[in-house]
J.: 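Below is a structure I'd like to ask you about.
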Protein chains: 2
Amino acid sequence: MKPRNGRRGGARRAAPLSQESIVVAALRILDDEGPRQLSMRRLAKELSITPMALYHHVRDKHELLLLLVASRSRGAVRPVLPDDPRERLLAAAELLHDVLAQYPFLREILASPDLLAVAALWVMEALLDAAVECGLTLEEAAQAHQAIWHYTVGVLLIRTTSRRHHAELTRPTQREQVFATLSPEAFPRVTSLADRWPALTARDTHRRALEDIVEGLLGGRRPHPGEHA
Amino acid sequence: MKPRNGRRGGARRAAPLSQESIVVAALRILDDEGPRQLSMRRLAKELSITPMALYHHVRDKHELLLLLVASRSRGAVRPVLPDDPRERLLAAAELLHDVLAQYPFLREILASPDLLAVAALWVMEALLDAAVECGLTLEEAAQAHQAIWHYTVGVLLIRTTSRRHHAELTRPTQREQVFATLSPEAFPRVTSLADRWPALTARDTHRRALEDIVEGLLGGRRPHPGEHA
DNA sequence: ACCTGAACACCGTTCAAGT
DNA sequence: ACCTGAACACCGTTCAAGT
């Protein structure tokens, strides 16, 4: 049925296997079959080569994933951010989320200290700059960035994996069982939220929460005077 | 050297293999060798049985991990929280972090909707209650809980995995390379932080950030009057 | 230099058979 | 009911050999 070397997307037979062609093939697998299907062996099969041939062009899987991030972030458009520093800080924080949300394989590289450098350096810059213009010192801005980064990671990770859990919904969720046996005396708040819990946690309140968090990180600080009308 | 059936910790030879003995053996592997070593096969070896024997007592690995969480959280002491609702909210948020920080295999179950129900239901109750007493509606309290939960997950996940990355420090970190080639004109904030970056991100500022985040989530709200002096 | 073949040291899980 | 043996369908990576 299918010829041994498919013609879709750029993996031509005679092409001499480069980092670029590897990246292209990997992105294709990612888009067509999802992040869980992307393995060195699967990728080798896609390129009709031995798994080990890959290791001549990338050091290991981790490096490959960072290459994928870099490749996708190169082509991304950089939106214009608001002038007002407070608005800009919020917009940058949202962008951090949006940029990283593009990578379904985030799970495996989230903790890499290299991820931000490769994927969203300019967002980082914008965020730090806005924070400083809001009145934070550079060190405080770095801490604020760190807090927003942690929050964003949590949001993304929980969203991507709980979507996976929803897909395999065979399990009757231990939560429901536990919630059902709770005494309202010992757990008044949890029990009164119990049935609404799935609906409440499913709603995407990222933007709202981010507003509050940014507010808290800035404290009562006013932007530097005279920079904007 | 070592007898086939070690006598440490409770895995006796004649014992008929129960959920409890499985959990005990799993916790032992976790403590002695770390979360990455905990596999169904390794666990079976520890108990001197076939991997498949395990599946007679637990549905799958995910269920086993939740059993481990439940087992550890059963024995935990519940500290007394401050009376002042604002202080209590902050203390509960810190507890959420501390409780979950106990589980090195968090990575694999973080996204499970069952995790909180099994591990930290009372912390959740305390957090929601404190938020309501701070003046939030129950729905707002649930959203605040959600935001704190996301933030906490991010902190824990990044910490546990970046520690792993530091251990295998062979790689010269792509971040350093990228940072070195940045032009100060295009990235003034990032470049001026560059050398301090590792030190700044290594510092544990969880408590400080949490204060700010809680502050932001509460907004200007005052606690319910007359409940506390 | 670039690639292959075979192997190492693993995974979680299913299925059929044994006691 | 409880457990084993063999297998399925995978992983990332190393090492020695081929061209």
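Throughout, protein chains are lettered first and strands after them, A, B, ... in sequence-line order, and every chain is numbered starting at 1.
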J.: Pick the C1' atom in D:dC11 and in C:dC8, then give their distance to the nearest Å.
T.: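 The same atom, C1', in both gives a distance of 12 Å.
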J.: Donor-acceptor pairs under 3.5 angstrom involving side-chain atoms of residues 179-188 of chain A: please list them, not counting sequence neighbours.
T.:
unit_1 : atom_1 : unit_2 : atom_2 : d
A:T181 : OG1    : A:V178 : O      : 3.0
A:S183 : OG     : A:A186 : N      : 3.1

J.: Answer yes or no: does a side-chain N or O of A:H57 lie under 4.0 Å from OP1 or OP2 of C:dC3?
T.: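 The answer is yes; a side-chain N or O of A:H57 sits under 4.0 Å from OP1 or OP2.
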J.: Would you mind reading off the distance between B:I49 atom CD1 and D:dC2 atom P, rounded to a whole angstrom?
T.: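 Nearest whole value for this atom pair: 13 Å.
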J.: Using the P atom in both, what is the distance from C:dC10 to D:dA9, to the nearest Å?
T.: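 Rounded to whole Å, the distance is 23 Å.
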J.: Using a 4.0 Å heavy-atom cut-off to protein, can you give one letter per nucleotide of nucleotides 8-19 of chain C, 5' to 3': B if the base is in contact, S if only the sugar-phosphate is, - if neither?
T.: ---BBBBB----
J.: Check side-chain hydrogen bond (donor to acceptor under 3.5 Å, both in side chains) between B:D129 and all other residues, then give those that pass, not counting sequence neighbours.
T.: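 Applying side-chain hydrogen bond (donor to acceptor under 3.5 Å, both in side chains) to B:D129 gives A:R189, B:R88.
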J.: Would you please name every residue forming a side-chain hydrogen bond (donor to acceptor under 3.5 Å, both in side chains) with A:E33, sequence neighbours left out?
T.: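 Scan of A:E33 (side-chain hydrogen bond (donor to acceptor under 3.5 Å, both in side chains), adjacent residues dropped) gives A:R42.
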J.: Apply side-chain hydrogen bond (donor to acceptor under 3.5 Å, both in side chains) to A:E125 and list each qualifying residue two or more places apart in sequence or on a separate chain.
T.: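 For A:E125 there are no side-chain hydrogen bond (donor to acceptor under 3.5 Å, both in side chains) partners, ignoring immediate neighbours.
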J.: Test of understanding: with ring pair (Phe, Tyr, Trp, His ring centres under 6.0 Å), list the residues that count as partners of B:H145, not counting sequence neighbours.
T.: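 So B:H145 forms a ring pair (Phe, Tyr, Trp, His ring centres under 6.0 Å) with A:W197.
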J.: If you take all heavy atoms of A:P35 and A:L30, which pair is closest and at what distance?
T.: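 That closest heavy-atom pairing would be CA-CD1, 3.6 Å.
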J.: Going by the rule side-chain hydrogen bond (donor to acceptor under 3.5 Å, both in side chains), which residues pair with B:H97 if we only count those two or more places apart in sequence or in a different chain?
T.: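 Residues passing side-chain hydrogen bond (donor to acceptor under 3.5 Å, both in side chains) with B:H97: B:R159.
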J.: By ring pair (Phe, Tyr, Trp, His ring centres under 6.0 Å), which residues pair with B:Y103, not counting sequence neighbours?
T.: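 By the ring pair (Phe, Tyr, Trp, His ring centres under 6.0 Å) rule, B:Y103 matches B:F105.
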J.: Report the stems of DNA chain D as range-with-range entries sorted by first number; a stem here is at least three consecutive pairs, Watson-Crick or G-U wobble, both distances under 3.5 Å, and write none if there are none.
T.: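 Paired runs of 3+ in DNA chain D: C:4-8 with D:12-16, C:12-16 with D:4-8.
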